[in-house]
Amino acid sequence: MKGQEGVQRLRIATDQAVMASRAKSEFLANMSHELRTPLNSIIGFSEMIAHERLGEVGNEKYVEYAKDIHGSGSHLLQIINDILDLSKVEAGKLELREEHVDVGHMMDACLSIVRERAQEKHISVETRIDSGLPPLLVDELRVRQALINLVGNAIKFTPDGGSVIVEAAQSESQQPYLRVIDNGIGIAPEDIEKAMEPFGQADGALNRRYEGSGLGLPLTKALIELHDGSFEIDSDEGCGTTVTLTFPRERRQSDTPQSAQQAATLVAAE
Ligand code: ADP
C-alpha cells in the first residue's frame, strides 16, 4: 500500500513539473511575441532615419545614433526570435513543414549569408557534398537555421586566416549527415556541457571577446531532434570544433515511406 502511495505521489509531482515547464514555455512564447511588435517599429524607423529617407537629418551624429539603434534592435530581435523558437520546441508547438530538399542548394543558400563575414576574417570556407546524397525530407527553414548557426559559430570562433569545412554526406549505414568543421579556438571538454545550455557560453566571463546570446547550440540541437536526428559535438581547446547533425535514413527521399511523402506534398502545397 505504502509503495502505491509513493508511486501516486511521484506521478502527481511529475505532472506538476511538466505543467510548470509548459507554463514557462508558454509565458516565454507570449512575451517574445509581445516584444517583437514594438521592436519592429524601432528597427523600421531607425533604418528610415539612418538612410534619411524623408529628408536630411542635419547632424551626422544623429545618423550614427540611428544606425546604432538599428544594429542593436536587430540583434535584440535575433535573440527574441531564438527564445521564441526554443520555447516553442519545449512547449511542443513547433511544427515542421517538411518537403524534399536538395542539400547542395540549401548549403549554398546558407553559405551566401555568412560568406562576407568569412572573407572579412580571411577564413576559407570549403564545401564537400557527397554527389550520391538524395534529397532529404526536412523542414528547409529549420535546417538552414541550424546550419547558419553552426557555420556562423565556426567563423566567429576561428581566428583570422583559419579554415571551415562544411560537409554533407552519408554514414556507412546510409544515415545522411551535415558536418561543420573548424580549426578555431575550440571548447575545453569541461565547458562543452555549459555551451549546450541555453544562454551558456564557454567563456562566459565579463571580459568575453565574442558577441552572442548562447542560444545557437541548444536551438540547433532541439531543431535536429525535432527531425528525429542527433547532434554531436567534438571539440577541444585550441584544436577546433566539429559538429555533426545526423538524420534518420528514412529522411532520404529514396527511403521516405509513401505516407510521409504525401503529407510533405500537402504541406508544401498549402
Ligand atoms: P553564442 O555563439 O551566441 O554565444 P551558442 O549557443 O551558439 O551561442 O554557443 C555557445 C558557446 O559555445 C559559445 O559562446 C562559445 O563559447 C562555444 N562555441 C560554440 N561554437 C563554437 C565553435 N565552433 N568553436 C569554439 N567555441 C564554440
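Numbers for residues simply follow the sequence, beginning at 1. All ligand and atom numbering here is 1-based and tracks the order in the structure. All values derive from a computational prediction rather than experimental measurement. Because only heavy atoms are used, hydrogens play no part in the values below, and waters and symmetry mates are left out as well, while side chains stay in.
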Exercise for review: Given side chain to side chain contact (heavy atoms under 4.5 Å, CB included), test R142 with L226 step by step and report yes or no.
Suggested key: CA-CA 10 Å; R142 298 304 175 180; L226 215 54; over 6 Å; no

By number and element, which atoms of ligand 1 are closer than 4.0 Å to a non-hydrogen atom of [X]?
{"X": "P218", "answer": "6 (O)"}
{"X": "I187", "answer": "17 (C), 18 (N), 25 (C), 26 (N), 27 (C)"}
{"X": "L215", "answer": "6 (O), 8 (O)"}
{"X": "K156", "answer": "1 (P), 2 (O), 3 (O)"}

Counting C-beta onward and ignoring hydrogens, is there a side-chain heavy-atom pair between [X] and [Y] closer than 4.5 Å?
{"X": "K221", "Y": "L217", "answer": "no"}
{"X": "Q253", "Y": "L137", "answer": "no"}
{"X": "D82", "Y": "L86", "answer": "no"}

Review point. Does G184 reach ligand 1, in the sense of a heavy atom lying below 4.0 Å from it?
Key: no

With a 3.5 Å cut-off and sequence neighbours excluded, list the donor-acceptor pairs that the side chains of residues 229-243 form with protein atoms.
residue: S235; atom: OG; partner: I187; partner atom: N; Å: 2.8
residue: S235; atom: OG; partner: G240; partner atom: O; Å: 3.2
residue: S235; atom: OG; partner: T241; partner atom: OG1; Å: 2.8

Practice item. Using distance alone, determine whether L217 and ligand 1 share an N or O pair under 3.5 Å. Key: yes

Review point. Does any N/O atom on G214 come nearer than 3.5 Å to any N/O atom on ligand 1?
Key: yes

Review point. Does N59 have any side-chain contact (heavy atoms from CB on, under 4.5 Å) partners at least two apart in sequence or in another chain, and if so, which?
Key: K61, Y62

